[in-house]
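Presented below is the structure to which this report refers.
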Amino acid sequence: MTVSTTSIVRPARVERPSLVRRILRSPLALVCILWLVGLVLASLTAPLWLHDGPLEQDLSVVMQGPSAAHLLGTDELGRDMLSRLVTAAAPTMLIALITPVVAMLVTIPVTLWAARTARAESVMNRVSEIVLSLPGTVIILAFIAAVGTDMPLVMAMFGLLLFGAMYKILFGQAASLHRQLFVEAAAIDGVRPMTASIRHVLPNMSETVIVQFVLLFGVGIGMQAGLAFIGLGPQPPEPTWGGMIQSASKFIFQQPWMMVPTGGILALTIIAANVLADILSGGVAVPPPLISLRRRRPSADAADRTSAAEAASAPASSADASSASTVAASVADRELVVRDLVIGVDGGPALVTGVSLRVAPGKVLGLVGESGCGKSVTSYATLGLLAPGLSVRSGSIRWGALDLATADEKALQRVRGHQIAFISQEPTRSLDPMFTIEWQLVAAIRRLRGVRRAEAKAIAARLLTDVGILDVPRVLGSYPHQISGGMAQRVAISLALAGTPSLLIADEPTTALDVTVQAEILDLLRGLIAERGMSVVLVTHDLGVVADLCDDVAVMYAGQIVETGTVRDVLMRPEHPYTMALLAADPHATIGGADPVRLASIPGQVPAPAAWPSGCRFIDRCRFAAAECASAVPLEPRAQGLGAVRCTRRDAVAGREEEWLAPAMVGGDA
């Protein structure tokens, strides 16, 4: 296969520091960590370096200030305050960890589940609101009355009560991430919904989770101190920070110093947790990857480059060929047939009505029309990936023996990626920013082809070579933000080919690219279609792209198919006024030898679904409209060639394409 290739200059790397680097670069963060870790270590090793035990009493030195013998003074029973404060540090901080651990273990799975489906969201929103409305203090006090002052259990209950607040904080971000194209791309590749949530959504929420975890850690310390202060914590003589503050408050007038070390160590610990959370948040919009989730990039030495080049040029292995033959059926046995498809908003109007399409094996169907005509909605329906609130009301989407319109999620996962692949119009957004190109390609190949990691790496390098990428090792080691839009589109095409699909759905794959890169991507698609024999549904509004790539065309307007036929019939002999108007407004086309500089403009805009006319939906914008257009218009066979057209006046307007170039009033019969 011959494809057009370009050399891409590597962009300057601009990325935010990781969490570890952000901490290492902040002296204040290091101080906070040293304070927290130092307290725990000092507490655990206290018997080794403290000369006085936390329970030892000396009534001869009651309520004394700092001295050489007692660095922080003594309490009302002559006990060493430093020993008691340090001894209480580790239990206080370790038990405080129970609160954020329980809160996150409960909230994160529920949030990821609720963010995927509207029904789950509705249920969990009500549950979280109920939890938020509960009187937390009363419940904690009642719980202590039932189980006693068992602080691990009390802090676990406190973590459960924080579910409502944590859910509200995390849900918005989770729902937004679930709508990102890279999550939809994972679903298209056949990744299970919960697996996609854990693999792609949760890592992108890592910063929020970590910050909230640290904040809740500080809240847990404060809660323990508060309970101990009112006598509901561990009972004397066991040392606790809250209990020591309570004792100091009784003797505030006799010895004010007792409040200074006890209140100071509690305040400094909570402040350290809050400051650390603030530093971890960093004030940057894009969440950084966790260190444990960063993938090692391939080294740039000569040996690695040589092995990568050899992998790219190596022929497909027998395992590759066998897996491809078992996962995807022969192209000759695959045909997409859409019949009378109706898609609507739940409890609202229909967005697509009566759409019928056929994509023969090895053919390219162009689905064209203005924005808002229902093209993308129709393409997403073929993959069972309609947005929440949309559903297929009637009709069928046949793929072999399977009806994709009524198939369950398990059946759709066997089709997505394996047999039907998808390319979006925003390639950069369809790639997960948390992972390198290599990780994403290798993961998709291993899942779809069932090969080992080493073989998947070789296939990934070969796929990038097939799509015209020259510097394969560098691209494999790059993150999505480090490559250009054209390069990202090539990577997206490689991901679509990871499962050797029979049908490729391309949703305006060149819209976001400049003219030069558009030509390269079209050349690439043309070569892939010729070499692999795939059938393609090309969603576009560019008739020049349709003329270049497609075999057949279906023109959509306001949720309906208004004209179908071969490329030659539709573009050379259009029979519907809307198709004529699109051709007159396209700079690639000339009508009847007219000056190509003169382009028509279609007045008005595509009507909203709730405002569709009862007859021809193009009536308000058509310069050939007449009284008979107000009645319902069925699809009828074309006058010339194969296909159909939805126009009652097609015989009267035949051959009058040039009139779209002349000034005329809409609604009159020219």
Side-chain angles (χ1 to χ4, degrees), residues 184 187-190 327-343 351-369 373-386 390-409 411-424 448 493 496-497 499-509 525 528-530 532-540 545-546 549-556 559-561 563-567 570 635 642-644:
E184 294 180 352
I188 291 169
D189 287 339
V327 172
S330 171
V331 174
D333 299 330
R334 293 299 180 186
E335 181 178 49
L336 180 69
V337 180
V338 180
R339 295 186 187 277
D340 301 322
L341 184 66
V342 178
I343 302 171
L351 303 182
V352 169
T353 57
V355 169
S356 296
L357 301 169
R358 178 180 178 274
V359 185
K363 297 294 184 179
V364 181
L365 171 69
L367 192 57
V368 302
C373 287
K375 308 185 302 298
S376 295
V377 172
T378 302
S379 66
Y380 273 99
T382 60
L383 291 163
L385 292 174
L386 289 173
L390 298 182
S391 60
V392 176
R393 294 182 177 177
S394 62
S396 63
I397 307 172
R398 307 295 304 186
W399 174 249
L402 180 65
D403 185 357
L404 301 177
T406 58
D408 58 19
E409 185 64 24
L412 289 171
Q413 287 174 5
R414 291 195 295 267
V415 172
R416 296 174 187 149
H418 297 284
Q419 300 169 13
I420 302 178
F422 183 84
I423 303 174
S424 73
L448 296 173
I493 294 173
L497 299 177
T500 61
S502 301
L503 173 64
L504 186 64
I505 298 177
D507 186 5
E508 302 190 24
L525 289 174
L528 291 173
I529 292 167
R532 297 173 181 254
M534 297 184 300
S535 49
V536 178
V537 176
L538 181 64
V539 178
T540 183
V545 173
V546 171
L549 280 181
C550 298
D551 301 300
D552 303 304
V553 185
V555 182
M556 285 194 73
Q560 282 185 333
I561 297 294
E563 185 168 4
T564 64
T566 64
V567 167
V570 173
L635 268 175
L642 299 175

Non-hydrogen side-chain atoms of Val392 and Val342 separated by less than 4.5 Å | no
Distance col, row Leu386:CG vs Ser376:OG, nearest 0.5 angstrom, shows 11.5 Å
The side chain to side chain contact (heavy atoms under 4.5 Å, CB included) partner of Phe422 among Leu504, Leu383, Leu503 is Leu383
Inspect the contact between Glu409 and Arg414 and indicate whether a charged nitrogen and a carboxylate oxygen are less than 4.0 angstrom apart.
-> no
Indicate whether the side chain of Asp507 and that of Ser424 have a donor and an acceptor atom separated by less than 3.5 Å.
-> no
Can you find a heavy atom in the side chain of Leu365 that is under 4.5 Å from one in the side chain of Val536?
-> no
Among all residues two or more places apart in sequence or in another chain, which pass the side-chain hydrogen bond (donor to acceptor under 3.5 Å, both in side chains) test with Thr353?
-> Arg617
Salt bridge (Lys or Arg N to Asp or Glu O under 4.0 Å) involving Arg358 - partner list, sequence neighbours excluded | Glu335
pair Asp403-Ser396: side-chain heavy atoms closer than 4.5 Å | yes
Compare all side-chain heavy atoms of Met534 with those of Leu497 and state whether any distance is below 4.5 angstrom.
-> yes
Are Thr378 and Ile561 close enough that some pair of their side-chain heavy atoms sits under 4.5 Å apart?
-> no
What are the two closest non-hydrogen atoms of Val352 and Gly374, and how far apart are they?
-> CG2-O, 3.9 Å
Identify the heavy atoms of Thr540 and Lys375 that sit nearest to each other, and give their distance.
-> O-CE, 3.6 Å
Evaluate side chain to side chain contact (heavy atoms under 4.5 Å, CB included) for Leu538 paired with Leu367, printing each intermediate quantity in order.
-> CA-CA 6 Å; Leu538 181 64; Leu367 192 57; over 6 Å; no
List the steps and the verdict of side chain to side chain contact (heavy atoms under 4.5 Å, CB included) for Arg398 and Leu404.
-> CA-CA 6 Å; Arg398 307 295 304 186; Leu404 301 177; over 6 Å; no
Roughly how far, to the nearest 0.5 Å, is CG of Leu635 from CD of Gln560?
-> 7.5 Å
4.5 Å side-chain heavy-atom contact, Thr382 and Ile420 = no
Calculate, to the nearest 0.5 Å, the distance between atoms OG and CG belonging to Ser379 and Leu357 respectively.
-> 10.5 Å
Give, for atom OG of Ser356 and atom CG of Leu341, the distance between the pair rounded to the nearest 0.5 Å.
-> 8.0 Å
Heavy-atom pair with the smallest gap, counting every atom of Asp551 and Gly362 | OD2-O, 4.3 Å
Residue pair Val567 / Asp552: nearest heavy atoms and the distance that separates them = CG2-N, 3.9 Å
Under a 4.5 Å cut-off applied to non-hydrogen side-chain atoms, are Ile397 and Leu336 in contact?
-> yes
Between Ala405 and Gly395 the two heavy atoms that sit nearest each other are CB-O, 4.1 Å
So, for Val359 and Ser535, which heavy atoms are closest and what is the spacing to 0.1 Å?
-> CG1-CB, 3.9 Å
Check: Val415 and Leu412 side chains under 4.5 Å, non-hydrogen atoms | no
State whether the number of non-hydrogen atoms from other residues, nucleotides or ligands found under 6.0 Å of Arg393 atom CZ is greater than 12.
-> yes
Hey, what do you get for OH (Tyr380) to CG (Leu385), rounding to the nearest 0.5 Å?
-> 7.5 Å
